[in-house]
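Accompanying notes for the structure given below.
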Protein chains: 2
Amino acid sequence: MGHDDGVGTGARHHDGRRTDTRQRIHRIALEVFSERGYDRATLREIAERLQITRPALYYHFKSKEDILASIHRDLALSLDGIIAWARTQPATAATRTQILTELSSLLAGPWGQFTQFAQANEAAMRNLTGASEFIERTATLTEFLRPSDSIHGRIKARLALAALFMADARHDQLGGSDTARAQAALDVAAELIR
Amino acid sequence: MGHDDGVGTGARHHDGRRTDTRQRIHRIALEVFSERGYDRATLREIAERLQITRPALYYHFKSKEDILASIHRDLALSLDGIIAWARTQPATAATRTQILTELSSLLAGPWGQFTQFAQANEAAMRNLTGASEFIERTATLTEFLRPSDSIHGRIKARLALAALFMADARHDQLGGSDTARAQAALDVAAELIR
DNA sequence: GTCTATAGTTGGATAGAC
DNA sequence: GTCTATCCAACTATAGAC
């Protein structure tokens, strides 16, 4: 059929090299979903930016929702590295700060527009099975980040995450350079989970 | 036409008493928008819950977006009281804490599901003129809440707001009773803007 | 792997009667 | 103030050729 559900799979050329179309779709879809929100985003626009037609998308993904789910799988995967590392560390303030630093780096680099994407698609994520893996990772990270196992602790952990996301998304409202905002957010977040 | 754009206006009976249909639509629409998100919410479902037909909605509001804008106007109005009071107060930590307490009360009472609504509709709000008044109020409140005029200060102010919203919306992930969560959020928020 | 053409569905909005 | 009937636009998704 041409559809692959597993992470990292995809159509291959005769030389064994994976075609990059699936990844290009991935990238552009993330872009459009971030700008418009999942529901307002159309496959027409995604196809146009890719310079292909709508039906071509269906060769790589079996539905619009499948594209979204695929993005979520990638996001979940990106967090697994940090989670795995966190499991090997003692539950100290230093570890928590280090987790925040790693997350901040992800947001500054490969994830780029992730925060905007996540906020724009809060509604769509709620009833999406593919998003559950990602939400699960976030919950796990919150556990590692909380300074104490209480409501206070859980709130602080979630706020620390929110601080990082905020610096990434609210450039217009917070002012300052990207790095200045990221550093300030990291400061505030670290203070919270100390 | 039967359409009224001003806040608090609406069709009236011969005795001068405002009909409650407009307000009933208002309430149910807020409910459905919160659950589904604006884009996934259909006028069909709103009408069904109200036991009326879709066209009847158009007697009270001129479009789906008009209903959303109307809700945002109400939300903005609810914040004006707090803002007016804040203007009369000195910019002290005590004032900031008091603002948070007032907001917490609003979330516990009349606003109810506002937070869920706001999160579910982040995407829809971005390109909506009616939402700008509401966003403006939020920005004003942030100014009153910030402990210092710096990036750090602005982040802390926004996080304080986020804490209140979080306690309101994330009951499943935070645990505890409604009042316990609200109090904990207030504690953490107050500490942030001290 | 991508195309043209089209099926099938949904949902916002209007016309006009009562 | 609410109804029935209907229109229209937009979108997802599929069929089948190349």
Side-chain angles (χ1 to χ4, degrees), chain A residues 1-5 9-26 28-29 32-33 35-70 121 123-124 127-128 130, chain B residues 1-5 9-29 32-33 35-71 121 123-124 127-128 130:
Chain A
M1 295 292 288
H3 295 133
D4 286 296
D5 286 341
T9 60
R12 291 167 186 278
H13 282 132
H14 59 284
D15 63 358
R17 193 177 60 79
R18 185 179 307 137
T19 51
D20 65 343
T21 305
R22 190 182 161 96
Q23 292 173 48
R24 284 180 57 233
I25 295 174
H26 218 280
I28 298 297
V32 179
F33 288 165
E35 292 174 16
R36 299 248 187 283
Y38 175 76
D39 294 300
R40 295 168 113 82
T42 65
L43 296 184
R44 176 198 307 272
E45 179 163 7
I46 293 173
E48 273 173 5
R49 292 200 196 183
L50 287 164
Q51 308 257 50
I52 61 176
T53 58
R54 277 147 285 165
L57 294 173
Y58 285 90
Y59 177 82
H60 301 277
F61 296 91
K62 71 174 188 293
S63 68
K64 183 186 180 186
E65 183 167 318
D66 188 35
I67 300 179
L68 181 62
S70 167
N121 297 292
N127 303 318
L128 177 66
Chain B
M1 295 290 286
H3 296 133
D4 287 296
D5 286 341
T9 60
R12 290 165 188 279
H13 282 133
H14 58 284
D15 62 358
R17 193 177 61 78
R18 185 178 308 136
T19 52
D20 65 342
T21 305
R22 191 182 160 96
Q23 292 173 48
R24 285 178 56 232
I25 294 174
H26 216 280
R27 211 189 85 243
I28 298 296
V32 178
F33 288 166
E35 292 174 15
R36 300 249 189 282
Y38 175 76
D39 292 301
R40 295 167 111 79
T42 64
L43 296 183
R44 178 196 308 271
E45 178 162 9
I46 292 173
E48 273 173 6
R49 292 201 195 183
L50 286 164
Q51 308 256 52
I52 61 176
T53 58
R54 275 147 285 165
L57 294 173
Y58 286 90
Y59 177 81
H60 302 276
F61 296 91
K62 70 174 189 292
S63 67
K64 182 187 180 185
E65 183 167 319
D66 188 36
I67 300 178
L68 181 62
S70 167
I71 291 175
N121 296 292
N127 303 318
L128 178 66

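Chain A is the first sequence line, chain B the second, and so forth, proteins listed ahead of strands; every chain is numbered from 1. Every heavy atom of this structure was used, including side-chain atoms; hydrogens, water molecules and symmetry mates were not. These figures come from a predicted structure and were not determined experimentally.
Remark: the backbone N or O of A:Tyr38 is paired with a side-chain donor or acceptor of A:Lys64 at under 3.5 angstrom. Formation of a donor-acceptor pair under 3.5 Å by the B:Arg54 side chain with backbone atoms of B:Leu43 is not found in this model.
Using a 4.0 Å heavy-atom cutoff across all strands shown, A:Arg44 reaches sugar-phosphate atoms only and no base atom. Note on A:Thr53: a base of the nucleic acid sits closer than 4.0 angstrom, heavy atoms only. Backbone-only contact: B:Ala41 has heavy atoms under 4.0 Å from sugar-phosphate atoms and none from a base.
In this structure, A:Leu57 atom CG and D:dT14 atom C1' are separated by 14 Å, rounded to whole Å. If you measure from atom OH of B:Tyr38 to atom C1' of C:dG12, you get 9 Å, rounded to the nearest angstrom. Regarding A:Gln51, its CD atom lies at a distance of 16 Å from the C1' atom of C:dG1, rounded to whole Å. As rounded to whole Å, 15 Å separates atom C1' of D:dT14 from atom NZ of A:Lys62. Protein atom CD of B:Gln23 is 12 Å distant from nucleotide atom P of D:dG1, rounded to whole Å. Per the geometry, CG belonging to B:Asp39 stands 10 Å off P belonging to C:dG12, to the nearest Å. Straight-line distance from the CZ atom of A:Arg22 to the P atom of C:dT2: 13 Å, rounded to whole Å. Note: CD1 (B:Ile67) to C1' (C:dG11) measures 13 Å, nearest angstrom.
Note on A:Thr21: a side-chain N or O is less than 4.0 Å away from OP1 or OP2 of C:dT2.
Distances from the side chain of B:Tyr59 to the nucleotides D:dT2, C:dT2, C:dT14 place D:dT2 closest. Listed nucleotides D:dT12, C:dG12, D:dC3 differ in distance to B:Ile52; the shortest reach to its side chain belongs to D:dC3. Listed nucleotides: D:dT2, C:dA13, D:dT12. Nearest to the side chain of B:Lys64: C:dA13.
Ion pairing of A:Arg49 with A:Glu45 is present here, as a side-chain N (NZ or NE/NH1/NH2) and a carboxylate O approach within less than 4.0 Å.
Looking at A:Leu57 and A:Leu50, their side chains come closer than 4.5 Å, going by heavy atoms from C-beta outward.
When the nearest nucleotides of DNA chain D are assigned to A:Arg40 and A:Pro55 by heavy-atom distance, the more 5′-ward of the two goes with A:Arg40.
In this structure, CZ on A:Phe61 lies 5.5 Å from CD1 on A:Ile67, to the nearest 0.5 angstrom.
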